[in-house]
Amino acid sequence: PLGAVLDAYGRVLGAVRMLHARGVHHYDLKADNFLCDRPTAADGDAGAAMDGAAAPACPDPASAAAPGVLVVADFGVATVTSRGADGRTPRDRGTECIKSPEMITFAMGGGPAGKQGAGGGAGGGAGGGDDFRRSDGSLTSAAAAACDVWSAGCLLYELVAGSHLFGGEEWGSFYIRLTGDSLELIPPAKAALLPQAYAQPLLSFLGAVLQRDPKNRPTISEVCRLFA
């Protein structure tokens, strides 16, 4: 049911917010990397796993409708930044179909996180600037957080529509769709896979989160507030 899917997504957002607050950036937020189960009486409220981060509800744990435990897993490409330090990643990370425009551009060896633009979800190129790219070409922790937010937007579409928002097309078109402004980010054929009764609010949320320019993308805390 859609309600259960949205409840699980709210828990995911809460977990990502917790990770970001601790300087952890996942880089690979997709459905395959979340584990869920229903706790037994012996489990109590533990909600944790050896290889993951427990997912609290977003924004308030008390608002969760289902008692199931949902855990973020697979931190194989994640980074950790010490408090007060500016982290960096010198290499391409994540699964291609959920990579942000700036990470796709970075993977291609492009300029500072893509071309500048006044981009929104449906327009404007992938921007960046000094807050997102260091002089040595590596991405900053601000870019890392923005990459996770992009992936979180892709995740909602994946959970609700049952397929990935991006991918499944010729690579050149995929690259242009993400980094340019000549193609719709969510074309009608993709929008049609959303539950029609809720398509408009879902598209509105996705449009707010999936900003091509990372400077215009909300933080994970802002995403939580948008979703609440």
Side-chain angles (χ1 to χ4, degrees), residues 1-39 45-49 51-75 77-81 93-95 97-100 103 121 141-162 164-166 185-186 194-195 198-211 214 216-228:
L2 181 61
V5 169
L6 296 179
D7 174 73
Y9 184 70
R11 292 169 181 251
V12 167
L13 293 181
V16 177
R17 181 177 58 183
M18 179 182 71
L19 290 171
H20 283 195
R22 288 159 173 75
V24 179
H25 301 103
H26 192 279
Y27 282 106
D28 205 19
L29 298 172
K30 58 184 180 182
D32 286 348
N33 288 339
F34 292 90
L35 309 176
C36 58
D37 197 3
R38 290 192 178 277
D45 296 324
D51 186 38
C58 172
D60 178 7
S63 68
V69 176
L70 191 149
V71 176
V72 187
D74 193 353
F75 285 77
V77 296
T79 60
V80 181
T81 303
R93 297 173 186 270
T95 302
C97 64
I98 60 168
K99 285 180 183 175
S100 65
M103 183 58 83
S141 56
C147 286
D148 275 355
V149 167
W150 177 274
S151 297
C154 295
L155 176 64
L156 177 63
Y157 183 92
E158 181 186 359
L159 292 174
V160 174
H164 292 294
L165 176 56
F166 303 111
L185 200 60
I186 305 178
L194 296 170
Y198 303 97
Q200 195 52 51
L202 288 169
L203 288 170
S204 178
F205 176 81
L206 291 171
V209 174
L210 296 175
Q211 297 285 329
N216 295 335
R217 212 170 295 152
T219 65
I220 193 63
S221 292
E222 291 169 338
V223 173
C224 283
R225 287 193 291 270
L226 286 171
F227 185 74

Subject >> Minimal non-hydrogen separation, L185 against F166, with atom names >> reply: O-CE2, 3.4 Å

Original post:
Looking at CG of L155 and CG of L29, how far apart are the two atoms once the value is rounded to the nearest 0.5 Å?
Top reply: 7.0 Å

Subject >> Inter-residue atom distance S151.OG - M103.CE, 0.5 Å rounding >> reply: 8.5 Å

Original post:
Just wondering, do E158 and L165 contact through their side chains at under 4.5 Å, heavy atoms?
Top reply: no

Original post:
Rounded to the nearest 0.5 Å, what separation is found between the CG atom of D7 and the CG atom of L2?
Top reply: 11.0 Å

Subject >> Nearest-0.5 Å distance, CD1 of residue I98 to CG of residue D28 >> reply: 4.5 Å

Original post:
Do C154 and L210 come close enough that some side-chain heavy atom pair is under 4.5 Å?
Top reply: yes

**OP:** Give me the ring orientation class for H26 and F34: parallel if the planes are under 30° apart, tilted from 30 to 60°, perpendicular past 60°.
**Re:** parallel

Original post:
Atom SG in C147, atom CZ in R217: separation rounded to 0.5 Å?
Top reply: 6.5 Å

Identify each donor-acceptor pair in which a side-chain atom of residues 202-209 lies under 3.5 Å from a protein atom, sequence neighbours left out, and give them as a table.
none

Original post:
To the nearest 0.5 Å, what is the distance between CG (D74) and CG (D32)?
Top reply: 9.5 Å

Subject >> H164: ring pair (Phe, Tyr, Trp, His ring centres under 6.0 Å) partners, not counting sequence neighbours >> reply: none

